[in-house]
Enquirer: 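Here it is, the structure in full.
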Amino acid sequence: MAGVRLIQEGRVSVVSFMLGASVISLPLLINRFSEPEQTLLGAAPGRIALVTFIAALNGLLLLLYRAQLYQVAIRASFLGFAFGCGLLLSITQSPWKPFGWYVCSLSFFHYSEYLVTAMNNPKSLSIDSFLLNHSLEYTLAAVSSWVEFTIETTIYPGLKQITWLSVIGLIMVLFGELLRKCAMLTAGSNFNHIVQNEKSDSHRLVTSGVYSWFRHPSYVGWFYWSIGTQVLLCNPLCLIGYTLASWRFFRERIEEEEFALIHFFGENYLEYKKIVPTGLPFIKGVKVEP
């Protein structure tokens with residue numbers, strides 16, 4: 001029964017994400033000749049339509065789902081809604097265009113974390129798999145990047161229209177997202193958002209695929225995804241802050257994880273560690289005394 005419920009939650013998330021993303025149809029329904037940002041944000045009919053859409057979507061989810069399924073649905077639809085709004089913003093010619101790319105990247109990252117976990121390791125699936133409540137530090141970092149982008153766009157909008165730099169950032173984001181999801185899919189049920197301190201019967205040492213390139217490909221992907229978001233936004237201050245904070249976080253995380261992996265797999269992991277790098281600059285992992 002538990003397996004059926006988890007499969008159902010995955011399906012509910014897909015439907016809800018798509019329902020939220022359907023916000024992209026609103027401009028066509030309101031005024032086919034208006035710019036998306038004017039239709040949804042600038043004009044009164046657009047704002048009314050947006051509020052009506054949100055209320056109708058929430059009402060529909062309340063009718064369709066209860067309890068845990070509603071909690072999954074409301075989060076997935078919120079991420080889909082953010083993705084759709086980001087897509088609309090990204091096709092404009094305003095200084096906020098890169099922010100639309102960013103919102104698409106951020107919302108898809110969090111939704112895909114849940115979806116891939118549902119596909120790969122349903123036993124570990126929970127509301128936390130969306131990573132929306134990752135940590136206070138993660139939330140503050142995200143908010144700080146929004147504040148910096150807003151202030152700099154207001155004071156010096158030309159800084160946010162360096163298209164070639166934003167494109168480089170978008171490429172970094174796409175690379176990081178793809179690498180992380182490949183790592184999750186390759187690891188299968190061995191992947192978990194929480195570092196495991198006890199070895200289960202299903203645990204095995206994964207050294208194939210992207211794990212033959214890097215010992216921690218999911219962290220490598222997340223690292224470059226994180227930095228890429230700030231390159232995309234042309235946020236000089238947060239770019240420095242994100243780079244330093246992410247590097248420190250993953251250095252500590254890798255050391256913690258490798259203590260467990262050495263305990264789980266012994267000499268097999270030590271041999272693997274000698275051959276394959278972590279993939280992150282200047283991070284070698286836990287030091288083992290000879």
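Just so we're clear, the structure is a prediction, and the values are computed from it rather than from any experiment.
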Enquirer: Taking atom types as modelled, find out whether Tyr114 and Asp128 have a side-chain donor-acceptor pair closer than 3.5 angstrom.
Expert: no
Enquirer: May I ask you to check whether over 12 heavy atoms, not counting those of Phe191, lie within 6.0 Å of atom CZ?
Expert: yes
Enquirer: For this output row, return yes or no: ring centroids of Phe99 and Trp96 closer than 6.0 angstrom.
Expert: yes
Enquirer: Can you tell me if Asn120 uses its side chain to pair, donor with acceptor, with the backbone of Met184 under 3.5 Å?
Expert: yes
Enquirer: Does either side chain, that of Arg253 or that of Tyr219, offer a donor lying less than 3.5 Å from an acceptor on the other one?
Expert: yes
Enquirer: Any side-chain heavy atom of Val14 within less than 4.5 Å of one from Arg11?
Expert: no
Enquirer: Does Glu152 reach the main-chain N or O of Leu159 with its side chain, forming a donor-acceptor pair under 3.5 Å?
Expert: no
Enquirer: Quick one: pull up CG in Asn133 and OG1 in Thr139 and give me the separation to the nearest 0.5 Å.
Expert: 8.0 Å
Enquirer: In terms of heavy-atom contacts, does NZ of Lys199 have more than 12 from other residues, nucleotides or ligands at under 6.0 Å?
Expert: yes
Enquirer: Crowded around Ile194 CD1? As in, over 12 foreign heavy atoms under 6.0 Å?
Expert: no
Enquirer: Consider ring-ring contact (aromatic ring centres under 6.0 Å, His included). Of Phe130, Tyr138, Phe78, which one does His110 pass it with?
Expert: Tyr138
Enquirer: In this structure, is the centre-to-centre distance between the rings of Phe109 and His134 below 6.0 Å?
Expert: no
Enquirer: Pairing donors with acceptors under 3.5 angstrom, does anything connect the side chains of Lys181 and Ser112?
Expert: yes
Enquirer: Flag yes if more than 12 heavy atoms outside Tyr211 fall under 6.0 Å of its OH atom; otherwise flag no.
Expert: yes
Enquirer: Can you tell me if Thr154 uses its side chain to pair, donor with acceptor, with the backbone of Thr150 under 3.5 Å?
Expert: yes
Enquirer: Any donor-acceptor pair under 3.5 Å linking the side-chain atoms of Ser189 with those of Ser202?
Expert: no
Enquirer: So, Glu113 and His193: side-chain donor and acceptor under 3.5 Å apart, yes or no?
Expert: yes
Enquirer: Is the shortest side-chain heavy-atom distance between Trp222 and Ser218 below 4.5 Å?
Expert: no
Enquirer: Would you name the heavy atoms of Val276 and Phe214 that are closest together and state the gap between them?
Expert: CG1-C, 3.5 Å
Enquirer: Would you call the rings of Phe17 and Tyr111 parallel, tilted or perpendicular, taking 30° and 60° as the class edges?
Expert: parallel
Enquirer: So do Asn235 and Trp146 actually touch side chain to side chain, heavy atoms under 4.5 Å?
Expert: no
Enquirer: For residues Trp225 and Leu244: do they belong to one hydrophobic cluster (side chain heavy atoms under 4.5 Å, members Ile, Leu, Val, Met, Phe, Trp, Tyr)?
Expert: no
Enquirer: Calculate, to the nearest 0.5 Å, the distance between atoms CZ and CG belonging to Phe53 and Leu19 respectively.
Expert: 7.5 Å
Enquirer: How about Tyr269 and Glu258: does a side-chain donor come under 3.5 Å of a side-chain acceptor?
Expert: yes
